[in-house]
Amino acid sequence: METYTGKILKPEDYKDVKINTEDYASVLLRFNNDSKGVLTVSQVAAGRKNRLYFELDGSKKAAAWESEKPNYLWIGRRDGSNEELMRDPSLVYPEVRDIISFPADTTRASPTHQNRCSERFMHISRRAI
């Protein structure tokens with residue numbers, strides 16, 4: 001319950017706990033067009049509350065989105081400046097506008113919206129690859 005009540009924990013409040021299950025997994029992927037990828041999963045990464053993170057890396061550009069900063073899409077460029085694109089339907093391609101179902105700078109999303117957003121992101125990713 002401390003996670004939600006705002007209690008500040010001190011080092012002596014923690015105790016080491018042996019974990020007997022797999023905590024981390026990575027899967028190397030190869031797609032039909034010879035694109036490659038990696039999927040990494042961890043349930044007990046220190047400091048992460050409930051993070052969902054997607055990153056697509058190409059030879060010239062990269063894009064990353066994370067649920068802990070849902071209003072921004074990071075765009076990396078090999079030949080120019082990187083940027084953070086703020087969530088705003090007027091700034092994106094028409095094909096992805098339905099992902100942005102509530103106004104810019106709104107930080108709360110329902111679980112249904114997050115699931116829908118994740119599903120749509122995966123659909124777009126498959127089309128891009």
Legend entry - Closest non-hydrogen atom pair, Thr40 against Ser26: OG1-OG, 3.3 Å
Inset, instruction - Any chance you could measure Leu56, atom CG, to Ile75, atom CD1, to the nearest 0.5 Å? - result: 11.5 Å
Legend entry - Leu85 side chain near Trp74 side chain, heavy-atom distance below 4.5 Å: no
Inset, instruction - Taking side chain to side chain contact (heavy atoms under 4.5 Å, CB included) as the test, write out the residues that go with Tyr14, two or more places apart. - result: Leu9
Legend entry - same_hphob_cluster(Leu39, Phe31) at 4.5 Å side-chain heavy-atom cutoff: yes
Inset, instruction - Decide whether Phe54 and Leu73 are clustered together by the hydrophobic rule: side chain heavy atoms of Ile, Leu, Val, Met, Phe, Trp, Tyr closer than 4.5 Å, transitively. - result: yes
Legend entry - Neighbour count above 12 (heavy atom, 6.0 Å) for Lys36 NZ: yes
Inset, instruction - Determine yes or no for a side-chain-to-main-chain donor-acceptor pair under 3.5 angstrom, with Arg77 supplying the side chain and Lys60 the backbone. - result: no
Legend entry - Side chain to side chain, Tyr72 and Met86, heavy atoms closer than 4.5 Å: yes
Inset, instruction - State whether the side chain of Trp65 and the backbone N or O of Glu55 hold a donor-acceptor pair below 3.5 Å, judged by distance alone. - result: no
Inset, instruction - Check salt bridge (charged side-chain N to carboxylate O under 4.0 Å, His left out) between Lys10 and all other residues, then give those that pass, not counting sequence neighbours. - result: Asp13
Inset, instruction - Is it possible for you to say whether Val41 and Val27 belong to one hydrophobic cluster, with membership spreading through side-chain heavy-atom contacts below 4.5 Å? - result: yes
Legend entry - Those residues that, when tested against Lys69, pass side chain to side chain donor-acceptor pair (under 3.5 Å) (two or more places apart): Glu84
